[in-house]
Amino acid sequence: MHKIAVIPGDGIGPEVVREGLKVLQAAAAKTGMEYEIREFDYGGDRYLRTGQVVPPDFLEIMRQFDAIYLGAVGHPEVKVGILERDLLLTLRFGLDLYVNLRPVKLYPGVETPLKDKGPGEIDFVVVRENTEGLYCGAGGFMHRGLPEEVAVQTMLYTRRGTERVIRYAFELARRRNRQRKVTLVDKANVLTYGHDLWQRVFQEVGEEYPEVEKDHAYVDACCMWMVKNPEWFDVIVTCNMFGDIITDLGAIIQGGMGIAASGNLHPGQVSMFEPIHGSAPKYAGKNVAMPLAAISAAQMMVEFLGEEETSQRMERAIVQALSSGRIRSLDASSGHRTDEIGDLVASYV
Ligand code: IPM
Ligand code: MN
(Lines give C-alpha, C1' and ligand atoms only; values in the text may rest on other atoms or scores of the structure.)
(Ligands and ions follow the chains in the order given, each with its own letter.)
Protein backbone atom coordinates (compact mmCIF):
# COMPACT_ATOMS: atom_id res chain seq x y z
CA MET A 1 0.00 0.00 0.00
CA HIS A 2 1.66 3.22 -1.15
CA LYS A 3 1.16 6.24 1.07
CA ILE A 4 0.86 9.47 -0.89
CA ALA A 5 0.77 12.95 0.65
CA VAL A 6 -1.12 15.45 -1.49
CA ILE A 7 -0.33 19.15 -1.19
CA PRO A 8 -2.60 20.96 -3.68
CA GLY A 9 -1.07 24.32 -2.69
CA ASP A 10 -2.04 27.69 -4.12
CA GLY A 11 -3.80 29.13 -7.16
CA ILE A 12 -4.60 26.54 -9.82
CA GLY A 13 -2.80 23.84 -7.78
CA PRO A 14 -5.96 22.26 -6.31
CA GLU A 15 -7.72 22.16 -9.69
CA VAL A 16 -4.91 20.45 -11.59
CA VAL A 17 -4.09 18.06 -8.73
CA ARG A 18 -7.71 16.91 -8.71
CA GLU A 19 -7.37 15.83 -12.35
CA GLY A 20 -4.04 14.09 -11.71
CA LEU A 21 -5.64 12.09 -8.92
CA LYS A 22 -8.60 11.32 -11.16
CA VAL A 23 -6.36 9.76 -13.81
CA LEU A 24 -4.33 7.94 -11.16
CA GLN A 25 -7.51 6.49 -9.69
CA ALA A 26 -8.75 5.34 -13.09
CA ALA A 27 -5.44 3.63 -13.84
CA ALA A 28 -5.10 2.05 -10.41
CA ALA A 29 -8.62 0.64 -10.71
CA LYS A 30 -7.48 -1.21 -13.83
CA THR A 31 -4.23 -2.56 -12.46
CA GLY A 32 -5.07 -3.12 -8.81
CA MET A 33 -2.40 -0.69 -7.61
CA GLU A 34 -3.13 0.02 -3.96
CA TYR A 35 -2.54 3.43 -2.45
CA GLU A 36 -3.95 5.81 0.09
CA ILE A 37 -3.81 9.57 -0.02
CA ARG A 38 -3.84 12.21 2.68
CA GLU A 39 -4.33 15.82 1.79
CA PHE A 40 -2.57 18.77 3.45
CA ASP A 41 -3.50 22.45 3.32
CA TYR A 42 0.07 23.79 3.27
CA GLY A 43 0.53 26.97 1.27
CA GLY A 44 -0.43 30.61 0.96
CA ASP A 45 -3.94 30.51 2.41
CA ARG A 46 -2.77 28.64 5.47
CA TYR A 47 0.03 31.18 5.91
CA LEU A 48 -2.37 34.11 5.75
CA ARG A 49 -4.70 32.39 8.23
CA THR A 50 -2.16 31.09 10.75
CA GLY A 51 1.17 32.79 10.05
CA GLN A 52 2.73 29.43 9.19
CA VAL A 53 3.09 27.90 5.74
CA VAL A 54 3.68 24.46 7.26
CA PRO A 55 3.62 23.11 10.84
CA PRO A 56 6.89 22.75 12.80
CA ASP A 57 6.91 18.96 12.39
CA PHE A 58 6.37 19.26 8.60
CA LEU A 59 9.32 17.12 7.54
CA GLU A 60 8.59 14.40 10.11
CA ILE A 61 5.06 14.17 8.75
CA MET A 62 6.28 14.03 5.16
CA ARG A 63 8.79 11.28 5.96
CA GLN A 64 5.89 8.97 6.82
CA PHE A 65 4.88 8.90 3.16
CA ASP A 66 6.29 7.16 0.10
CA ALA A 67 5.64 10.08 -2.21
CA ILE A 68 4.39 13.66 -2.18
CA TYR A 69 2.20 15.09 -4.92
CA LEU A 70 2.40 18.88 -5.05
CA GLY A 71 0.21 21.26 -7.08
CA ALA A 72 1.74 24.74 -7.06
CA VAL A 73 3.10 27.37 -4.70
CA GLY A 74 2.73 31.14 -5.02
CA HIS A 75 0.06 33.47 -3.63
CA PRO A 76 -0.48 37.10 -4.72
CA GLU A 77 -0.94 38.28 -1.12
CA VAL A 78 2.19 36.59 0.23
CA LYS A 79 5.54 38.26 -0.21
CA VAL A 80 7.63 36.53 -2.87
CA GLY A 81 10.11 34.04 -1.43
CA ILE A 82 8.26 32.92 1.69
CA LEU A 83 6.23 30.08 0.21
CA GLU A 84 9.10 29.05 -2.04
CA ARG A 85 11.42 28.78 0.94
CA ASP A 86 9.08 27.33 3.55
CA LEU A 87 7.35 24.77 1.35
CA LEU A 88 9.17 23.98 -1.88
CA LEU A 89 12.79 24.46 -0.87
CA THR A 90 12.20 22.96 2.59
CA LEU A 91 10.94 19.81 0.89
CA ARG A 92 13.84 19.70 -1.56
CA PHE A 93 16.57 20.42 0.99
CA GLY A 94 14.97 18.92 4.10
CA LEU A 95 14.19 15.60 2.43
CA ASP A 96 17.50 15.72 0.53
CA LEU A 97 15.75 15.34 -2.83
CA TYR A 98 18.98 15.65 -4.75
CA VAL A 99 17.70 14.90 -8.24
CA ASN A 100 15.29 17.21 -10.00
CA LEU A 101 14.23 15.10 -12.95
CA ARG A 102 12.72 17.07 -15.81
CA PRO A 103 11.87 15.15 -18.99
CA VAL A 104 11.70 17.22 -22.16
CA LYS A 105 9.60 15.04 -24.40
CA LEU A 106 7.44 16.22 -27.25
CA TYR A 107 4.40 13.97 -27.48
CA PRO A 108 2.77 13.34 -30.85
CA GLY A 109 -0.02 15.82 -31.46
CA VAL A 110 1.66 18.57 -29.45
CA GLU A 111 2.93 21.67 -31.17
CA THR A 112 6.49 22.84 -30.61
CA PRO A 113 7.66 26.34 -31.51
CA LEU A 114 10.77 24.77 -33.08
CA LYS A 115 10.63 24.72 -36.84
CA ASP A 116 11.08 21.31 -38.49
CA LYS A 117 11.33 19.44 -35.19
CA GLY A 118 8.99 16.70 -34.03
CA PRO A 119 8.68 13.96 -31.41
CA GLY A 120 11.65 12.17 -33.02
CA GLU A 121 13.92 15.11 -32.27
CA ILE A 122 12.72 16.24 -28.86
CA ASP A 123 13.14 13.52 -26.26
CA PHE A 124 15.70 14.08 -23.53
CA VAL A 125 15.86 14.40 -19.76
CA VAL A 126 17.43 17.12 -17.66
CA VAL A 127 18.90 15.92 -14.37
CA ARG A 128 19.08 19.08 -12.31
CA GLU A 129 21.08 19.04 -9.06
CA ASN A 130 18.52 20.02 -6.43
CA THR A 131 20.17 20.59 -3.04
CA GLU A 132 23.25 22.77 -3.58
CA GLY A 133 24.69 25.47 -5.82
CA LEU A 134 23.30 28.99 -5.74
CA TYR A 135 20.18 27.67 -4.01
CA CYS A 136 22.02 26.80 -0.79
CA GLY A 137 20.93 30.07 0.80
CA ALA A 138 24.39 31.09 2.03
CA GLY A 139 25.22 34.77 1.74
CA GLY A 140 24.58 38.13 3.27
CA PHE A 141 24.68 41.88 3.07
CA MET A 142 27.12 44.44 4.34
CA HIS A 143 26.02 48.07 4.70
CA ARG A 144 22.55 47.17 3.51
CA GLY A 145 20.77 50.08 1.85
CA LEU A 146 23.84 52.32 1.89
CA PRO A 147 25.75 53.40 -1.22
CA GLU A 148 28.66 51.11 -0.29
CA GLU A 149 26.38 48.09 0.06
CA VAL A 150 27.86 44.66 -0.62
CA ALA A 151 25.76 41.58 -1.35
CA VAL A 152 27.22 38.07 -1.40
CA GLN A 153 25.39 34.97 -2.64
CA THR A 154 27.42 31.82 -2.39
CA MET A 155 27.49 29.06 -4.97
CA LEU A 156 28.33 25.96 -2.98
CA TYR A 157 29.16 22.47 -4.23
CA THR A 158 30.25 19.36 -2.39
CA ARG A 159 32.02 16.44 -4.00
CA ARG A 160 29.46 14.07 -2.52
CA GLY A 161 26.53 16.12 -3.80
CA THR A 162 28.05 16.48 -7.24
CA GLU A 163 29.00 12.82 -7.48
CA ARG A 164 25.62 11.38 -6.57
CA VAL A 165 23.69 13.46 -9.09
CA ILE A 166 26.19 12.75 -11.88
CA ARG A 167 26.01 9.06 -11.06
CA TYR A 168 22.22 9.23 -11.27
CA ALA A 169 22.54 10.76 -14.75
CA PHE A 170 24.81 7.97 -15.97
CA GLU A 171 22.52 5.30 -14.54
CA LEU A 172 19.60 6.99 -16.26
CA ALA A 173 21.37 7.07 -19.63
CA ARG A 174 22.02 3.36 -19.26
CA ARG A 175 18.41 2.64 -18.26
CA ARG A 176 16.90 4.76 -21.04
CA ASN A 177 19.06 2.87 -23.50
CA ARG A 178 18.59 5.41 -26.26
CA GLN A 179 21.67 7.38 -27.32
CA ARG A 180 23.46 6.33 -24.12
CA LYS A 181 24.88 9.81 -23.78
CA VAL A 182 25.28 12.20 -20.86
CA THR A 183 25.94 15.87 -21.54
CA LEU A 184 27.47 17.86 -18.72
CA VAL A 185 26.22 21.44 -18.88
CA ASP A 186 28.28 23.97 -16.94
CA LYS A 187 30.19 27.24 -17.16
CA ALA A 188 33.62 25.89 -16.30
CA ASN A 189 35.29 28.53 -18.47
CA VAL A 190 34.28 31.15 -15.89
CA LEU A 191 33.30 29.25 -12.74
CA THR A 192 36.81 27.89 -12.44
CA TYR A 193 36.36 26.41 -8.96
CA GLY A 194 32.84 25.12 -8.67
CA HIS A 195 32.49 23.83 -12.18
CA ASP A 196 36.03 22.56 -12.24
CA LEU A 197 34.88 20.22 -9.50
CA TRP A 198 31.91 19.22 -11.65
CA GLN A 199 34.19 18.45 -14.61
CA ARG A 200 36.58 16.34 -12.57
CA VAL A 201 33.80 14.37 -10.91
CA PHE A 202 32.09 13.89 -14.29
CA GLN A 203 35.30 12.36 -15.70
CA GLU A 204 35.80 10.13 -12.67
CA VAL A 205 32.25 8.81 -12.51
CA GLY A 206 32.10 8.57 -16.30
CA GLU A 207 34.96 6.08 -16.31
CA GLU A 208 32.67 3.61 -14.57
CA TYR A 209 30.31 3.83 -17.56
CA PRO A 210 32.52 3.09 -20.57
CA GLU A 211 29.50 2.37 -22.78
CA VAL A 212 27.98 5.80 -22.12
CA GLU A 213 29.17 8.67 -24.28
CA LYS A 214 30.39 11.74 -22.40
CA ASP A 215 29.51 15.07 -23.90
CA HIS A 216 29.89 18.65 -22.73
CA ALA A 217 28.26 22.01 -23.41
CA TYR A 218 28.62 25.39 -21.79
CA VAL A 219 25.25 26.53 -20.56
CA ASP A 220 24.93 29.45 -22.99
CA ALA A 221 25.70 27.19 -25.95
CA CYS A 222 23.36 24.56 -24.51
CA CYS A 223 20.46 27.05 -24.82
CA MET A 224 21.34 27.47 -28.46
CA TRP A 225 21.59 23.72 -29.16
CA MET A 226 18.34 23.00 -27.36
CA VAL A 227 16.63 25.19 -29.95
CA LYS A 228 18.75 24.32 -32.98
CA ASN A 229 19.53 20.63 -32.43
CA PRO A 230 17.49 19.22 -29.54
CA GLU A 231 18.04 15.73 -31.00
CA TRP A 232 21.64 15.86 -29.81
CA PHE A 233 20.57 15.42 -26.20
CA ASP A 234 19.75 12.27 -24.31
CA VAL A 235 20.53 13.00 -20.64
CA ILE A 236 21.74 16.42 -19.49
CA VAL A 237 23.24 16.79 -16.03
CA THR A 238 23.70 20.26 -14.60
CA CYS A 239 23.78 22.39 -11.47
CA ASN A 240 20.75 23.75 -9.66
CA MET A 241 20.65 27.26 -11.15
CA PHE A 242 21.36 26.29 -14.75
CA GLY A 243 18.92 23.40 -14.45
CA ASP A 244 16.24 25.85 -13.36
CA ILE A 245 16.83 28.09 -16.36
CA ILE A 246 17.25 25.53 -19.12
CA THR A 247 14.18 23.55 -18.04
CA ASP A 248 11.91 26.53 -18.69
CA LEU A 249 13.35 26.53 -22.18
CA GLY A 250 12.85 22.77 -22.25
CA ALA A 251 9.23 23.14 -21.17
CA ILE A 252 8.50 25.49 -24.05
CA ILE A 253 10.00 23.24 -26.71
CA GLN A 254 7.98 20.27 -25.44
CA GLY A 255 4.74 22.20 -25.76
CA GLY A 256 4.71 24.61 -22.85
CA MET A 257 3.94 24.82 -19.16
CA GLY A 258 0.70 22.97 -19.77
CA ILE A 259 2.58 19.70 -20.18
CA ALA A 260 5.95 19.94 -18.37
CA ALA A 261 6.30 17.80 -15.24
CA SER A 262 9.05 17.04 -12.78
CA GLY A 263 10.14 14.74 -10.00
CA ASN A 264 12.24 15.75 -6.99
CA LEU A 265 13.88 12.49 -6.07
CA HIS A 266 15.96 10.75 -3.50
CA PRO A 267 15.96 7.19 -4.80
CA GLY A 268 14.73 4.81 -2.11
CA GLN A 269 13.22 7.57 0.02
CA VAL A 270 10.11 9.75 0.01
CA SER A 271 10.17 11.90 -3.12
CA MET A 272 8.07 14.77 -4.46
CA PHE A 273 6.35 15.25 -7.81
CA GLU A 274 5.01 18.49 -9.27
CA PRO A 275 4.16 20.24 -12.51
CA ILE A 276 6.82 22.80 -13.47
CA HIS A 277 4.27 25.58 -13.84
CA GLY A 278 3.40 27.96 -11.04
CA SER A 279 0.15 28.78 -9.28
CA ALA A 280 -1.14 31.14 -12.04
CA PRO A 281 -3.41 33.10 -9.63
CA LYS A 282 -5.29 34.83 -12.42
CA TYR A 283 -6.70 31.51 -13.59
CA ALA A 284 -7.38 30.13 -10.11
CA GLY A 285 -10.87 28.79 -9.51
CA LYS A 286 -11.92 29.28 -13.13
CA ASN A 287 -11.58 25.67 -14.24
CA VAL A 288 -9.47 26.69 -17.24
CA ALA A 289 -5.95 25.58 -16.19
CA MET A 290 -4.40 22.84 -18.31
CA PRO A 291 -3.96 19.82 -16.00
CA LEU A 292 -1.75 17.70 -18.28
CA ALA A 293 1.47 18.73 -16.51
CA ALA A 294 0.00 17.68 -13.17
CA ILE A 295 -1.33 14.44 -14.68
CA SER A 296 2.13 13.79 -16.09
CA ALA A 297 3.70 14.48 -12.68
CA ALA A 298 1.32 11.92 -11.15
CA GLN A 299 2.48 9.44 -13.79
CA MET A 300 6.13 10.08 -12.88
CA MET A 301 5.23 9.49 -9.23
CA VAL A 302 3.58 6.17 -10.02
CA GLU A 303 6.64 5.11 -12.00
CA PHE A 304 8.87 6.08 -9.09
CA LEU A 305 6.71 3.96 -6.78
CA GLY A 306 7.56 0.98 -8.98
CA GLU A 307 4.06 0.58 -10.41
CA GLU A 308 5.22 0.02 -13.96
CA GLU A 309 1.90 -1.12 -15.39
CA THR A 310 -0.12 1.73 -13.89
CA SER A 311 2.47 4.23 -15.04
CA GLN A 312 2.42 2.87 -18.58
CA ARG A 313 -1.35 3.02 -18.65
CA MET A 314 -1.28 6.63 -17.56
CA GLU A 315 1.34 7.61 -20.10
CA ARG A 316 -0.50 5.78 -22.90
CA ALA A 317 -3.68 7.62 -21.95
CA ILE A 318 -1.86 10.97 -22.07
CA VAL A 319 -0.43 10.12 -25.49
CA GLN A 320 -3.81 8.98 -26.81
CA ALA A 321 -5.60 12.06 -25.50
CA LEU A 322 -3.00 14.27 -27.15
CA SER A 323 -3.10 12.48 -30.48
CA SER A 324 -6.90 12.25 -30.50
CA GLY A 325 -7.13 15.72 -32.00
CA ARG A 326 -9.58 16.64 -29.25
CA ILE A 327 -7.21 18.97 -27.39
CA ARG A 328 -6.92 22.24 -29.27
CA SER A 329 -3.94 23.70 -27.41
CA LEU A 330 -2.16 23.36 -24.09
CA ASP A 331 -2.55 26.83 -22.62
CA ALA A 332 -5.19 28.30 -20.37
CA SER A 333 -6.80 30.03 -23.34
CA SER A 334 -7.44 26.73 -25.09
CA GLY A 335 -11.15 26.98 -24.32
CA HIS A 336 -11.04 23.61 -22.55
CA ARG A 337 -12.19 23.09 -19.00
CA THR A 338 -9.71 21.65 -16.52
CA ASP A 339 -12.02 18.78 -15.55
CA GLU A 340 -12.85 18.06 -19.19
CA ILE A 341 -9.19 17.33 -19.94
CA GLY A 342 -8.93 15.12 -16.86
CA ASP A 343 -12.04 13.22 -17.96
CA LEU A 344 -10.65 12.81 -21.46
CA VAL A 345 -7.35 11.35 -20.26
CA ALA A 346 -9.14 9.14 -17.73
CA SER A 347 -11.36 7.83 -20.53
CA TYR A 348 -8.29 6.59 -22.40
CA VAL A 349 -7.01 4.76 -19.32
C1 IPM B 1 11.18 25.60 -10.27
C2 IPM B 1 10.84 26.95 -9.71
C3 IPM B 1 11.50 27.10 -8.34
C4 IPM B 1 13.00 26.98 -8.53
C5 IPM B 1 11.14 28.39 -7.59
C6 IPM B 1 9.65 28.54 -7.45
C7 IPM B 1 11.81 28.45 -6.25
O8 IPM B 1 11.22 27.96 -10.58
O9 IPM B 1 10.78 24.59 -9.67
O10 IPM B 1 11.82 25.53 -11.32
O11 IPM B 1 13.67 27.98 -8.79
O12 IPM B 1 13.51 25.87 -8.41
MN1 MN C 1 12.04 27.23 -12.45
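Atom set for the values below is all heavy atoms of this structure, side chains included, hydrogens, waters and symmetry mates excluded. Numbering of ligands and ligand atoms starts at 1, following listing order. Residues: numbered from 1 along the sequence shown.
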Inset, instruction - Establish, yes or no, whether a centroid distance under 6.0 Å links the rings of His216 and Tyr218. - result: yes

Inset, instruction - Kindly say whether the aromatic ring centers of Phe40 and Tyr69 come within a distance under 6.0 Å. - result: no

Inset, instruction - Examine His2 together with Phe304 and report whether their ring centres are nearer than 6.0 Å. - result: no

Inset, instruction - Give a yes/no verdict on whether any heavy atom in Arg128 is under 4.0 Å from an atom of ligand 1. - result: yes

Legend entry - Glu211 side chain reached by Arg174 side chain, heavy atoms, under 4.5 Å: yes

Inset, instruction - Distance to 0.1 Å, residue and atom name: give those for the protein heavy atom nearest to atom 4 (C) of ligand 1. - result: Tyr135 OH, 3.5 Å

Legend entry - Shortest protein contact, atom 1 (C) of ligand 1 (heavy atom only): Arg102 NH2, 3.4 Å

Legend entry - N or O pair under 3.5 Å between Arg92 and ligand 1: yes

Inset, instruction - Just give me the atom name: the N, O or S atom of Asp244 closest to the Mn ion (ligand 2). - result: OD1

Legend entry - Heteroatom distance test (Glu84, ligand 1): nitrogen or oxygen, under 3.5 angstrom: no

Inset, instruction - Give the residue and atom name of whichever protein heavy atom lies nearest to atom 8 (O) of ligand 1, and the separation in Å to one decimal. - result: Asp244 OD1, 3.3 Å

Inset, instruction - Would you mind checking if Arg49 and Asp45 are paired as a salt bridge, meaning a charged N to carboxylate O distance below 4.0 Å? - result: no

